[in-house]
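Taking it in order: structure first as structure tokens, then the write-up.
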Amino acid sequence: MGVPPTRPADRAFARPRRRPIAAVAATVALLAVGAGVLVGLSTPAPRPADAPEGEFSAGRAFRNVEVIAAEPHVAGSAANDRVREHLVGTLRGLGLQTEVQDAVAPEAGQLSGAAGGATLARVRNVVARLPGTDPTGKVFLVSHYDSVQTGPGGNDDAAGTSAILEVARALSTGPRPRNDIVFVLTDAEEACLCGAAGFAADHPLARDGGVVLNLEARGSTGPVIMFETSRNNAKLVEIFGRAAPHPVGTSFAVEIYRALPNDTDFTAFLDRRFVGLNSAYIDGGAIYHTPLDVPARMDRGSLQMHGDNALGLAREFGRTDLGDLRAGHDDTYFPVLGGLVRYPGWLTLPLAVAALLAVGALGWLLRRRGRATAGTLAAGFGLTLAPVVVAPLGAWLLWTAITTIRPGYAELLDPYRPVWYRLAVVALSAAVLFCWYALLRRRVGPAALAFGGLAWLAVFGVLLAVAVPGGAYLTTLPALAGALAGFAALATRRDGPWPVVAVTLAAAVAVVILLPPVVLLFPALGMGMGAVAALVAVLLGLAVLPVVDLLHPRAGGQRGLLALRARRLGALPAAAAALAAVVLAGVGLAVDRFDAAHPVPTHLMYALDAGTGKAAWLTREEKPQPWTDGYVDGTVSIADDFPGLGTTELRGGPATAAPLPAPKLDLLSDSRSGDQRVLRVRVVPQRQVRLLTLHVDTSTATVRSATVAGRNVPVEPGDGKWGFGVVFHAPPPEGVEVTLTLVPRGGAVSVRAMDASDGLSGVPGFRPRPEGVGVVGSHSSEMLAVARTYPL
Ligand SMILES: [Zn+2]
């Protein structure tokens with residue numbers, strides 16, 4: 001690689017004496033912008049219970065949180081009945097037309113034959129209506145009132161449900177909206193999104209569609225993020241930016257969310273005649289779905305933010321003509337200092353190409369002006385790949401080291417106190433970038449390295465514009481700003497103040513655009529995928545390289561001792577950042593210890609075959625914790641014995657049989673015509689259970705069609721012995737009727753029935769968890785399953 005010419009005038013952006021001043025000024029300006037970004041992402045102060053009645057008050061809403069999340073209230077449980085009665089009473093007390101939709105509903109989206117079989121539930125949705133004065137359509141405020149079986153759902157989703165109750169109160173005290181507002185508090189979201197699916201498919205109020213605002217929580221704190229929209233969202237996003245008091249949302253989140261295995265009630269509405277927005281707060285994910293998701297752990301600032309946005313949006317959609325909310329395109333949008341910037345999605349690719357051309361032109365200019373050669377520009381571009389690859393790799397290695405020291409993190413979505421680890425990843429990214437810069441700055445030159453950073457940002461912009469358009473703004477806009485700043489710097493006097501002003505402005509654009517994703521990606525993906533946040537942090541670092549350069553002693557010209565001193569000073573930022581990364585990771589390990597309030601999560605299930613008397617302890621932990629290890633001794637396959645628990649391999653160990661009955665199978669009718677048999681059976685639970693499953697051994701018969709509680713279910717053959725299955729959540733005590741039309745293979749048809757309840761405390765051999773050992777957040781922790789095969 002070539003050495004850039006070092007004419008005296010080319011030594012630095014500013015005169016040597018002014019350089020430290022410029023460095024301090026630029027750094028202070030960027031820190032101020034960064035602080036502004038963090039303020040824009042912070043939650044508002046919760047309003048007290050005596051706030052004016054037209055406002056949303058987290059204080060008032062929280063009273064409902066405490067009632068709703070007093071105890072776990074899984075769909076079908078007596079505790080959930082009590083919650084529903086409270087909701088109905090509260091909404092009727094506001095003078096709203098309120099009813100309970102009692103139905104059997106399939107899961108949202110396509111009924112699938114996967115994971116145990118086609119899934120349904122008995123649901124009881126609470127639906128209330130505030131009639132509009134001159135409706136053009138309906139606005140639906142949706143949250144789910146059921147909780148998981150392992151915890152009371154203090155945040156998930158007592159936050160959304162209590163926010164909707166408080167919004168309903170505020171709306172019913174003020175002037176009537178023009179459009180109908182429908183409050184939909186769904187059941188069985190945790191089991192299968194069945195409540196929302198049942199409402200969207202079958203409820204008369206859903207027939208003509210409308211606007212859906214879904215409120216969720218996947219943690220206990222942090223800003224409320226509008227993370228999902230229906231397609232062609234431009235008009236919705238415009239209203240969101242205008243009417244939500246705290247419009248934190250980005251088109252990038254939509255793309256991230258689609259890549260994650262999560263679903264909410266919103267999915268059920270996306271399939272149909274609805275448009276809408278989906279919002280949640282997601283930080284503090286360690287308590288998600290666990291017994292620790294209690295009201296006391298809720299950040300009431302997050303609740304206030306949820307309610308402020310929901311009320312603002314309900315009022316705005318309440319007065320908007322809902323006839324034409326579908327735009328022809330999606331918008332790109334992102335938060336900027338408390339507001340929302342947006343532009344049409346069709347601009348994404350032209351902008352990305354423009355950024356690439358601008359950066360290319362900058363390279364050409366740099367060469368013409370003698371700031372770089374073709375060789376150094378090529379070197380700058382090629383060598384910039386190093387930090388882009390090494391920083392995420394380093395973040396991954398760091399987390400691997402931390403989880404080796406503390407294996408309990410494996411089952412956590414995020415540590416209880418993740419901030420130290422997040423800062424460690426940011427410091428590590430900075431260390432990688434600084435080290436790379438110190439090594440190459442003299443050889444390649446600051447201009448060529450800055451060009452390399454901008455070139456990669458521009459290239460990523462084009463790639464994203466093609467593959468993940470909602471995320472292209474992240475790199476396109478900083479690349480464009482950086483190129484424009486480069487032109488400005490080259491067009492003005494080199495020893496004047498303008499080059500520094502220009503590169504600082506471009507760096508500020510990068511901070512405004514790339515700092516929010518660094519902050520929000522950590523809670524969104526968890527520390528296990530901290531590498532993604534590290535990648536974005538490095539991209540941010542590349543965009544601010546010209547300002548970083550000001551922190552270094554001026555380039556070129558020095559000889560001997562001076563040069564040595566300059567090189568040592570150049571290594572200082574890298575060393576400081578590396579030290580910070582180590583110290584922060586150490587502080588994280590010291591501070592975030594497991595204790596009674598922050599227990600190590602463990603997963604345990606008990607499964608009994610009531611026919612053979614064989615029982616087993618089972619866990620989904622890949623490397624069982626010491627407590628779990630007392631129950632299991634190796635890998636087991638349960639697909640043949642407990643098809644209702646799925647087909648994944650688990651760790652298991654022998655258990656004492658509990659005197660528990662399997663669900664009974666009553667044969668209601670059995671008719672034959674030709675080679676077909678039609679079996680009508682009723683599966684009746686013999687104890688209080690959360691779900692029932694029924695599977696057919698497809699080596700004894702081929703299932704042609706099936707109905708469950710009168711609904712047709714798909715019969716695509718699944719894997720393994722039990723090739724056909726259905727899962728029914730929240731079954732009524734009298735059981736569920738199933739009709740099977742099948743072709744027997746000769747002998748009796750083998751059918752396996754299973755049910756499951758929650759809680760292991762009465763099971764023989766179960767030892768309560770000691771202090772510091774907790775329950776993992778999942779849909780199967782503490783499950784007690786009993787199965788039996790019936791020949792028919
Ligand atoms: Zn949930």
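Just so you know, these numbers use all the heavy atoms, side chains as well, and skip hydrogens, waters and symmetry mates. Note that ligands are numbered from 1 as they come in the structure, with each ligand's atoms numbered from 1 the same way.
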Worksheet entry | Listed partners of E782 passing salt bridge (charged side-chain N to carboxylate O under 4.0 Å, His left out), at least two apart | R769

Fill in: salt bridge (charged side-chain N to carboxylate O under 4.0 Å, His left out) partner of D283, chosen from R297, R218, R417, R422
R422

Discussion item. In the structure I gave you, are the side-chain heavy atoms of L691 and M754 within less than 4.5 Å of one another anywhere?
Written reply: yes

Worksheet item: Can you list every salt bridge (charged side-chain N to carboxylate O under 4.0 Å, His left out) pair that touches residues 64-83, not counting sequence neighbours?
Response: E71-R82, D81-R84, D81-R124

Item to complete: Below 2.8 Å of the Zn ion (ligand 1), tally up the protein N/O/S atoms for me.
Response: 4

Worksheet item: Looking at residues at least two apart in the chain, or sitting in another chain, which of them share a side-chain hydrogen bond (donor to acceptor under 3.5 Å, both in side chains) with H144?
Response: D146, D156, E189, E216

Practice prompt. Decide if the gap between the ring center of F199 and the ring center of F140 is smaller than 6.0 angstrom.
Written response: yes

